[in-house]
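Just below is one structure, and these are the notes that go with it.
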Amino acid sequence: MSNEKEYIEIFDNNRPLIETLCSALLNKERAKAFEQFKSTGFPKRDDEEYRRTPIDKLFAADYGMNLGRLPLQGSPADFFSCDVPNLRARQEYIINDSFYRDAAEKSPLPEGVLLGSLDQFAQTHPELVEAYYNRQAQESDSLAQFNTTFVQDGLLLYVPRDTKLSEPIQIVTLLRSNIEMLSNRRLLIIIDQNATADLLICDHSSNDKQTLSTQVTEIFLRRGAALNIVEIEETGEKNSRLAHLLVNQESDSRLNHCCITLTNGLTRNNIKVTLAGSGAEAHLGGLAICDKNQHTDNNTLVEHKASHCNSSELYKYILDEEATGVFSGRMLICPDAQQTTSCQTNRNLCLTKCARMYAQPQLEIYADDVKCSHGSTVGQLDENALFYMQQRGISKDEARHLLMFAFAGEVIEKINIEALRDRLHLLIEKRFRGELNRCKRCALCKQ
Amino acid sequence: MKKKSNNIFRKIADKAYEYGFVSNIKTEIIDKGLNEDVIRLISSKKNEPQWMLEFRLQAYRHWLTLETPQWAHLDIPPIDYQAISYYADPTKKSKDKQNKEIDPELMKTFEKLGIPLEERLALSGTAVDAVMDSVSVKTTFKEELKEKGIIFCSMSEAIQEYPDLVRKYLGTVVNYRDNFFAALNSAVFSDGSFVYIPAGVRCPMELSTYFRINAANTGQFERTLIVADDNSYVSYLEGCTAPMRDENQLHAAIVEIVVCENAEVKYSTVQNWYPGDAEGKGGVYNFVTKRGDCRGNNSKLSWTQVETGSAITWKYPSCILRGDNSQGEFYSVAVTNNYQQADTGTKMIHLGRNTRSTIISKGISAGKSQNSYRGLVRVSKNADGARNYSQCDSLLLGDKCGAHTFPYMDIHNDNAVIEHEATTSKISEEQLFYCNQRGIGTEEAIGLIVNGYAKEVLNKLPMEFAIEAQKLLSVSLEGAVG
């Protein structure tokens, strides 16, 4: 039996259970998505977009799913503590696939800001959720439909007009279970006109069981809104992540996105940014540091639909041992998107013979008054620079680390939260020295 | 200024396709349709040995199992393969008369195209194999070349006279299983050129093939095989045209090149098939598989192409860099105008050590055309020290055309150095203004800028071709800048 059939059957059998535990709004979209998923199934090996990341196989394992919404024992503080020192941020947790209702006292949010369980807000604020939920995901690929079919909860953030969030919001997604598990999360983020927010999404796992998570993040930036968003993945070798980040930008809005993959098993990030209003700006950054059998695939699509928009992409990969890196970046300039400037850069370091890099920077341009460019390189550390440092008494290993650190630094510099930037520098340095996995909140990290 | 330059270009764009005439030549055309009997008929008409027939049938049976490829950034209308005649022979008349003279009408056609078949009239230093529809009409300078041991003849002749050589190399670079159009070509190919340069010989003149489609409702399925033995050198040119017709014609060719140790092959194409009219009606579908295998160490293969014709182009001249220190080059200028579509590029497969490849692709799109570059650079695990440099630039002339870049890089080695760059832009107002200021008219200025843009590639063409290509560029481009 093929894998999709198995999941179609699971859904058919458990539909009443899923639906009774979930709001009507989510169920309405679920029905549509299920029909769509049924007709397409999982992306296949011959699907151009998934050529280098086999999806079908991922679903072959026998995962458990928490369809009955059984609550998890204990609080996240028992098994997780954020190791970014001096980070002033409001923390929220998504454990496996549900929003965690924190008992702890928190500073009040500005008036009108909504932050909490998606499923709950679908019941209390149906008009808001209905206007945005699944609007972008329904046009995405079959994995997004799979997520909509099974998703039961997630997080909603709504920032009303002219509101500026003073401190960053940190969303920690935690994977924790005693069995092999599949979890489906959903994030819906709406930044209304002229509002701004900083978001930090940390993906963690705290067990050694094989897990698979699908995550769909839908972001709507209304006119003049600004959002800085940093995603950091620090999961384990047995964790697979299939994520979609879908952004719709109205005129004069601004997005800064940075996606950092430090440790993982298999990661596929689908990032789609639609610049729908003129004057919108999107800056995407990505850094993947992979070794062992890690597999990181960033697939981006920036669609320029309106004039005078500006986008940039910078993706860097450092591949060690038998790691695989995949980068596919597509810039699509629609016929009316005149006066577009768009540039894409992809730089990759292969450190061993067994590391593999597949790069696919693409330009699709239907307007003439544009300036678009892309560049991609695969190479090694500069021999001359290595030699220069050795001459001055820096050991070869140290010199290598310094150069790699500088290579990664270019992406980190784009992050606007200072405490996080400092922490990432430290994390990356440790990662290069192979100390990251061994670090169990040592003295250095606790400071 | 915008309006003015538009007008200038519309004027030039209206200039008809120069080579669109039809020659009135009595041509033997077999019935339309494709089945095993048709393949047997083609094979028997060409008096082929049994192994050749089997090669064709095997390919045909495989083709039946395939589906038309849809992955390219092209909008290909469905092709009815049963509505095409697979063999048209314009030399029939002369054969009937048992006469060695070529039909004067045929001679006239090629003269009109600027390809004189009389050796005394020919451009000095270029030997020509002229192919019309399914048959090679004449090959010039054959005797002179033979003295040096060089074989330059039509494919049909080669199968008769050098069956061992053909059998040894045919289908070894492009297997009939390679793709849909390769399978179709392997089943029904009619004529093309065969070149063999023996070891240590530097071919004293440019070899060239001129392809012409004349008959209606036919397809051209040519097959070219070039073998450059150790330490040899050859420069090969290819040109093509077709009459203007309202219906589309199919051209599915295979070019195979084998480059042995220390040998060098330069392959240049000026493709000027009929591109269809301003409304996108008619034109040739150009679905071609071209590939060279640099088998020997220190071998070198260089592709240069100027693509201005065809309604749809689907073409990826590739290099397999198998030998150590082998080099592959690809220089391309692809121009699309009106409703033309092109999806073209190259593949560089690095297998040997210290292999190098260079890709320079210049796309120019105008009118309502779509122009894509699609390329692959693969570095295998053992290709230590591989080096690639790719540059793909696109120039947009007009706001209704598209320019796309789809490069693939598959790197499996830690000491490869791969660079890819692409830019897309239009001719800037500043550049035009600068020229205007200095008394250069807008029309001339655009010609100047475009020629400068394409120069890097045009410089790689052999002398006679470079001039032709430059002229071609200025004609096919226009109607576009705004």
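So you know, we letter chains A, B, ... as the sequences are listed, proteins then strands, and number each from 1. Note that the structure is predicted; figures quoted are calculated from it, not measured.
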Looking only at heavy atoms and a cut-off of under 4.5 Å, which of [options] has the most pairs with chain B?
options	answer
A:Ser376, A:Cys350, A:Ala367	A:Ser376
A:Gln380, A:Arg356, A:Gln362	A:Gln380
A:Gly325, A:Cys343, A:Pro361, A:Ser328	A:Pro361
A:Asn348, A:Ile365, A:Thr345	A:Ile365

Leading residue by heavy atom contact count with chain A [cutoff under 4.5 Å; candidates [options]]:
options	value
B:His73, B:Gln391, B:Arg374, B:Glu419	B:His73
B:Ser390, B:Ala416, B:Gly402	B:Ala416
B:Asn413, B:Leu396, B:Ile418	B:Ile418

Between [X] and [Y], does at least one N-O distance fall below 4.0 Å, as a salt bridge requires?
X	Y	result
A:Asp320	A:Lys292	no
B:Lys362	B:Glu307	no
A:Lys353	B:Asp384	yes

Tell me whether B:Lys315 forms a cation-pi arrangement with B:Phe287, defined as NZ or CZ under 6.0 Å from the six-membered ring centre and within 45 degrees of its axis.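 The answer is no; the distance or angle limit is not met.
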
Can you tell me how the ring of B:Trp71 sits relative to the ring of B:Trp314, calling it parallel under 30°, perpendicular over 60° and tilted otherwise?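 Rings of B:Trp71 and B:Trp314: tilted, as their planes differ by 30° to 60°.
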
Stepwise ring pair (Phe, Tyr, Trp, His ring centres under 6.0 Å) check, B:Phe180 with B:His62: CA-CA 9 Å; B:Phe180 183 84; B:His62 179 67; 10.0 Å; no

Measuring heavy-atom distances to chain A, does B:Gln370 have an atom under 4.5 Å in its side chain, in its backbone, in both, or in neither?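 Answer is side chain: those atoms of B:Gln370 sit under 4.5 Å from chain A.
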
Contact origin within B:Arg378 toward chain A - heavy atom pairs under 4.5 Å: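 Just the side chain, heavy atoms under 4.5 Å.
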
Check: A:Gln36 main-chain N/O paired with A:Thr40 side-chain donor or acceptor under 3.5 Å: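 Such a contact is found between A:Thr40 side chain and A:Gln36 backbone.
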
Interatomic spacing from CG in A:Leu381 to CG in A:Leu386 - rounded to 0.5 Å: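 A:Leu381 CG to A:Leu386 CG: 5.5 Å, rounded to 0.5 Å.
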
In Å and rounded to the nearest 0.5 Å, what is the CD to CG distance from A:Glu49 to A:Asp297?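 The distance works out to 9.5 Å.
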
Is it the backbone or the side chain of [X] that comes under 4.5 Å from a heavy atom of chain B, or both, or neither?
X	result
A:Arg347	neither
A:Glu364	both
A:Gln344	neither
A:Thr352	backbone

